[in-house]
Novice: 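Attaching a single structure in structure tokens format; questions to follow.
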There are 2 protein chains.
Amino acid sequence: MARKSGSHGEITGPRILAAAERLIARKGFAAVTMREIAREVGVQAGALYLYIPDKQTLLFDLMRRHMEELLAAWEAEPKGETPLEQLEAFARFHIRFHLARPDATFISYMELRNLEPENFARIEALRKRYEDILEGILKEGSAAGVFRVPDTKLATMALIAMLTGVNTWYREGGRLSRERVERIYWNMVRRAVKG
Amino acid sequence: MARKSGSHGEITGPRILAAAERLIARKGFAAVTMREIAREVGVQAGALYLYIPDKQTLLFDLMRRHMEELLAAWEAEPKGETPLEQLEAFARFHIRFHLARPDATFISYMELRNLEPENFARIEALRKRYEDILEGILKEGSAAGVFRVPDTKLATMALIAMLTGVNTWYREGGRLSRERVERIYWNMVRRAVKG
DNA sequence: GTCTATAGCTTGATAGAC
DNA sequence: GTCTATCAAGCTATAGAC
């Protein structure tokens, strides 16, 4: 059967997510209108509702996708064997993954408050799973005497905040290469927890 | 002269700032309406415009006040003499100051994108002044051989991100006292940069 | 699958009474 | 100094034509 003229169903859906991610990261969820997203995609506002039930679900889908990709990417990562190797793998992975997705990262940290309670709880559960990965490494290393960490939960939060902070200032093609940034941060992480 | 009934000019202004700060921190600038702020203060929406020219200026005033208080508070802080003492003073001060102002801190990091360009530039200039304080300490310590920091700018960003991160999880009356949190973070900071 | 048109509200900000 | 009333604009989401 010939396709109807102007029919692009297979690609409009992903394009809506992409446009929404870019706009929300730049202006904030509440400030972005459905008309803007539609304009960016090249359709009329009403057509968006063929792909998403409402604006809230759009935000939730973006954040869930980001967290699920994060967890899946860590699963696929070569991790090393000793706690020290695992900590280095985690630090470098965290920087690399988040630098590659600045918009999604920004949204995941800034727009939690715009999630309805049930959606918020689901995203927080995913985030906790990710934090538990790092805390597990710190616990193992502490038990083995490789790390000296008086409180693993607190160290987890401190290190993740430090590593995610790269996104606030790093610019592609800037003064420092990503590899150099990774190395310097890894050195700070290592020294902050070393036994 | 007798005051007109229902006249509270001296206190309504500050109350508008306080209500706006609380609401914007909780819901985001774009999601907060002038009517909400007015309701919180106990006046009608139109009355707000006796105290502020518009919504944008309200946001700018909140952020400027926060940054100016931050710089003034550091000026008034006892700082120690050696770079190590100064770094400890800075780390503890940063945690203490920001934990005491969670709403203003949140707004200052989340709502930069909702500032108009000119206002954004002014807030960024104040933020840079604050970052320069920490970088100055790191530079002095590096020159003296007390710290080993391959890149002072990068270390500045890393440490500030780590310290500000306390605000995302710390809760008054929780598992750890503020003093204990300060001490653990200071230890991580110290070890991350020590020579 | 997308469009046009629009219902039904809410928004920031202003004018004028008191 | 505050209120009531209101404006023009913009919002999400839906209905129905094609």
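Lettering of chains follows the sequences in order, A, B, ..., and the numbering in each one begins at 1.
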Novice: Which part of the nucleic acid, if any, lies within reach of B:Val41 when heavy atoms closer than 4.0 Å are counted: base, sugar-phosphate only, or nothing?
Specialist: nothing
Novice: Nearest-nucleotide wise, let me know which of A:Ala45 and A:Ala31 is further upstream toward the 5' end of DNA chain D.
Specialist: A:Ala31
Novice: When the distance from CE of A:Met34 to P of D:dG10 is rounded to whole Å, what number comes out?
Specialist: 18 Å
Novice: Could you state the atom-to-atom distance from CG of B:Leu23 to P of C:dT11 in whole Å?
Specialist: 12 Å
Novice: With a 4.0 Å cut-off on N to O distance, would you call A:Glu21 and A:Arg65 a salt bridge?
Specialist: yes
Novice: Apply the ring-ring contact (aromatic ring centres under 6.0 Å, His included) test between A:Phe93 and each candidate in A:Trp186, A:Trp74, A:Tyr185; give the one that qualifies.
Specialist: A:Trp74
Novice: B:Met63 and B:Leu126: side chain to side chain contact (heavy atoms under 4.5 Å, CB included), yes or no, with the steps?
Specialist: CA-CA 10 Å; B:Met63 295 180 70; B:Leu126 292 172; over 6 Å; no
Novice: How many whole angstroms separate atom CZ of A:Arg15 from atom P of C:dT2?
Specialist: 10 Å
Novice: The side chain of A:Tyr51 lies closest to which of these nucleotides: C:dT11, D:dA13, C:dG1?
Specialist: C:dG1
Novice: Which nucleotide in the list D:dA13, C:dA13, D:dT2 gets nearest to the side chain of B:Tyr49?
Specialist: C:dA13
Novice: Below the 4.0 Å mark, does C:dT2 have OP1 or OP2 next to a side-chain nitrogen or oxygen of A:Thr12?
Specialist: yes
Novice: Should A:Gln44 be listed as having a side-chain N or O under 4.0 Å from OP1 or OP2 of C:dT2?
Specialist: no
Novice: Round to the nearest Å and state the distance from B:Leu48 atom CG to C:dT14 atom C1'.
Specialist: 13 Å
Novice: Within this structure, what is the CD-to-P distance between B:Glu36 and C:dA13, rounded to whole angstrom?
Specialist: 15 Å
Novice: Identify whether NZ of Lys or CZ of Arg in B:Arg15 sits under 6.0 Å from the centre of the six-membered ring of B:Tyr51 and within 45° of that ring's axis.
Specialist: no
Novice: Measure from the side chain of A:Lys55, starting at C-beta and using heavy atoms only, and say which of C:dC3, D:dA13, C:dA13 lies closest.
Specialist: D:dA13
Novice: Please determine which of B:Ile160, B:Leu154, B:Thr156, B:Leu159 meets the side-chain contact (heavy atoms from CB on, under 4.5 Å) test together with B:Glu135.
Specialist: B:Thr156
Novice: Of the options D:dG1, D:dC11, C:dA13, whose atoms approach the side-chain atoms of B:Arg35 most closely?
Specialist: C:dA13
Novice: Can you measure A:Ile16 atom CD1 to C:dG1 atom P for me and round it to whole angstrom units?
Specialist: 11 Å
Novice: What's the CD1-P distance between B:Ile52 and D:dG1, to the nearest Å?
Specialist: 15 Å
Novice: Without decimals, in angstroms, what is the distance between B:Gln56 CD and C:dT11 P?
Specialist: 19 Å
